[in-house]
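A quick write-up on the structure given underneath.
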Amino acid sequence: MSEESRDFIRKMVASDVSAGVNGGSVATRFPPEPNGFLHIGHAKAICLNFGVAEEFGGTCNLRFDDTNPTTEDERYARAIEDDVRWLGFDWNGPSRYASDYFERLYGHAVQLIKDGLAYVDSSSEAEIREYRGTVTKPGRPSPHRDRPVEESLALFERMRSGEFEDGTHVLRARIDMAAPNMKMRDPLLYRIRHATHYRTGDEWCIYPMYDWAHPLSDAIEGITHSLCTLEFLDNRTLYDWVVDNTRPDIESGELGAWQPRPRQTESARLNLDYTVMSKRKLAELVSEGRVDGWDDPRMPTLAGLRRRGVRPEVIRRFCDLIGVAKADNRVDIGTLEHAIRDDLNRMAPRVMCVLRPLRVEIENYPEGKTEEMEAPYFPSDVGVEGSRKVPFSRVLLIERTDFEQDPPKDFYRLAPGREVRLRYAYLITCNDVVRDPETGEVVELRCTYDPETRGGSTPDGRKVRGTIHWVSCEESLPCEVRLYDRLFSEPNPEEAGDFKAYLNPASLVTERGSRIEPSVAEDPVGTHYQFERLGFFIRDSDGVEEGRLVYNRTVELKDPWARRQVQDDLRLTEQVIVKVEKANKEEAPAGEDTGRRARDEARAADPELAARFERYVSELGLPEEDADLLAGDVAVAELFEGALAVHDSPRGVANWIVNELLRELKDKEMESLPIGGKEIGRLVALVEDGTISGRTAKDVFARLVREGGDPREIVRAEGVEQISDPAELRAIVEGAIDGHPEQAARYRAGQSGLLGFFVGQVMGETGGRANPEVVQRLVREKLA
RNA sequence: UGGCCCCUCGUCUAAUGGCAAGACCCCGGCCUUUGGAGCCGGUGAUCCAGGUUCGAAUCCUGGGGGGCCAACCA
């Protein structure tokens, strides 16, 4: 990961480390549920978790989140371990299992009941749903919500001992049935499930839910940074609740005293064009036989990608390329393909294979003669040494698509009367075309070769544009070639209804009559090749027992000619459409201002607030919008008036409160701020009388919010008074200009946006003390 | 009583309030015994409207658009 542009997670971890949070240690975890195979979306999570641990000298655990006995299986756990190792990562210590913590989790639950924070609910599933309310309707308390602690304790114990049927009781956290965040409406912690767990067998018949098991597992393992995907955002509040309401030693000690204290951070999951990433949907494709197992080369699973011929370093590189952020995304499959080609181009030896053979007889080449043509494994620009011999004889096979009876414009392969180069061999000219008398299909070409061009060179210097691949009819080996393409024909198959309706019928085309040069005969399964002019391929495990050769296409070569043939370049038309749509997009009608409505209601309920609003507009002359914000909340209004008491500048003070203070109040209460109106007033006064620059004021404000104090004192102590004297600034301005001659030239050439660049330089140089207006004038003068 | 998150070239990701950058894709050109690779160049973006500021992709307000949450799944 490059120094200069780190993603927001790495920035956060870096800042935690340097601030000494958790003693500066970093511990992450990758927590899959063993209920399916890992896919490339998991690879993104793996690269993130292991990558962060590596880069900050921390550790990363592998933990199986196996709290649902009905879906999980040992074979998935082993396959996941294999996949993580294959990707090139090694986890900290042994694999961990949430199921190893069942006893401890149970103990924490018992304590939670004792603390009055959980209860056994004996409602039915339907009742619980009913009582939970909806996103717009608050929930109602369950009739069992106030069950005595002893009763819940006894019931919970009996749940564990197996006395109850599935679904008869659950353990719930007692939080808030009316919480706007649905996750906080008394979430379920345990359910009864009489099922055999693949690890704990029949030892348990109650199983913890994700929201209970996950934060506690993190806390138990000493995880510092619990990284997950965006859909768990709402769960974070509950995550923190669990951590804050449990104790490391269960019964004694301080609530939430976990050390380190794990923090959850969410980032966007990966979506890839032309495939699906949901485990459920992938499982469906497998179970319905739409694909040939989890490792079908069309699957986005790591097992599938591996069999397709994608190397682990490619997947890591791909994860690097796509980055980590919070915006929903859908990554172009081309980015993956680029990474694959980039890798294979450098490591895959070139060989020749003819997919759909067309017979070519060289009429002037002696019958029975065979020559060995020397063919390098890599083109010179790759720089890898090595070569093999390719047998050449009178009867050859070339690609059917490399011949055209009536060649289109710019076609420079074989056609009647045309000459092409056979790669590493001779130049040949097509003299005659033999057709099937019945069907008229071309079955054979009659050609002559130029003996002077052995190896493909032209001693006379003539230019031959076309070079095609070939094999000897006699010496080549029969093989099967599987041409894989994207699984779906739609970029986003999940978008509309039944994703299976968009399965690409041509996602696998099998060529059974292909022929390959003999040099590959003994190569093991998993050998990568570039079949010249066709793409990258890998030898598949199928057929080895019978000695058959089977190859999977990993990815095609970039092929502008083929692209041109496929007239409708989808991406291009899509681009045009998007642009047109953008241009035609009408201004949407404005909706209701819900914030304003809330504040209007507050004023309707509080005549004094309403009076303030009126006064701000009529007496103070504030714009209605500002007055609305200032007089929408009593605390804000009082702070405003407190500021006015020390500095009577309604507009200036209002601007500072509206634009700066309101930001601080977004996730904080007014009471928690160490400053009041007086400080704001004094700060604004310092700006308005020119004592400090606006920029310095923001620094001072940030400090005020952090630690309080008197702005005047801070300014004096720090010596950050504004510098407005041109004489004092001139040297600094000149220094900035002389230090950046290139920018100066560009500015003089008309790039006036660079004015800000120079002002920024001077501001930085002076620690924000320079008067920017003066600086701006000086820069203009100097560069005029 | 709904809450929360997100919005930068076609795509993905950068950018202390101070030069909108990189990669993929696409388009030219050079080179070429792969219509590959490589090299050189190019097109192309801050969702919108107000506000704050000397200066806004970034801060404030509002609007628009997208996403997540109402499993005894994770």
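Just so it is clear, the structure is predicted and the values come from calculations on it, not from any experiment. A note on names: the letters A, B, ... follow the listed sequences, proteins ahead of strands, and every chain is numbered from 1. Side chains included, hydrogens not; waters and symmetry mates left out as well; all remaining heavy atoms used.
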* Heavy-atom pair of closest approach, residues A/Met352 and A/Tyr424 ->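 Closest heavy-atom pair between A/Met352 and A/Tyr424: CE-CD1, 4.5 Å.
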
Side chain of [X]: nearest nucleotide among [options]?
X: A/Pro180; options: B/G3, B/G36, B/G67; result: B/G3
X: A/Pro560; options: B/G35, B/C24, B/A37; result: B/G35
X: A/Thr136; options: B/A74, B/G2, B/G62; result: B/G2
X: A/Arg423; options: B/U34, B/A37, B/C69; result: B/U34
X: A/Arg132; options: B/C72, B/U13, B/G2; result: B/C72
X: A/Asp410; options: B/U34, B/G35, B/G62; result: B/G35

* Asked: Rounded to the nearest Å, what distance is computed from the OH atom of residue A/Tyr207 to the P atom of nucleotide B/C72?
  ->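 Interatomic distance, OH of A/Tyr207 to P of B/C72: 18 Å.
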
Is the gap between the ring centers of [X] and [Y] under 6.0 Å?
X: A/Phe392; Y: A/Tyr426; result: yes
X: A/Phe30; Y: A/Phe64; result: no
X: A/His740; Y: A/Phe757; result: yes
X: A/Tyr529; Y: A/Phe537; result: no

* **For A/Arg596, all residues meeting salt bridge (Lys or Arg N to Asp or Glu O under 4.0 Å), sequence neighbours excluded** =>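 With sequence neighbours excluded, A/Arg596 shows a salt bridge (Lys or Arg N to Asp or Glu O under 4.0 Å) to A/Asp600, A/Glu624, A/Asp628, given in chain and number order.
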
* Is the aromatic ring centre of A/Phe757 closer than 5.5 Å to the centre of the six-membered base ring of B/G18, with the two planes inclined by less than 30°? ->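 Aromatic stack with B/G18 absent for A/Phe757.
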
* Kindly label the base of B/A15 as syn or anti, based on whether its glycosidic torsion lies within 90° of 0. =>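 What B/A15 shows is an anti base, its glycosidic angle lying more than 90° from 0.
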
* Asked: In B/S/- notation, 5' to 3', how is nucleotides 50-57 of chain B contacted by protein heavy atoms closer than 4.0 Å?
  -> -BS-B---

Tell me whether the side-chain N or O atoms of [X] pair up with the base of [N] as donor and acceptor below 3.5 Å, since no angle test is needed here.
X: A/Asp234; N: B/G3; answer: yes
X: A/Asp559; N: B/G36; answer: no
X: A/Arg413; N: B/G35; answer: yes

* Asked: So which one's nearest nucleotide on RNA chain B is more toward 5', A/Asp66 or A/Glu231?
  ->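 Per heavy-atom nearest nucleotide, the more 5' residue is A/Glu231.
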
* Kindly express the pairing pattern of RNA chain B in dot-bracket notation, using | wherever a base pairs with another strand and counting only Watson-Crick or G-U pairs under 3.5 Å. => .((((((..((((....[..)))).(((((.......)))))....(((((..]....))))))))))).....

* Asked: Touch check for A/Arg350, heavy atoms < 4.0 angstrom, all strands: base, sugar-phosphate only, or nothing?
  ->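 Result for A/Arg350 = base.
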
* Asked: Does A/Met184 reach the side chain of A/Asp234, with side-chain heavy atoms less than 4.5 Å apart?
  ->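 Side chain of A/Met184 against side chain of A/Asp234, heavy atoms only: no contact under 4.5 Å found.
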
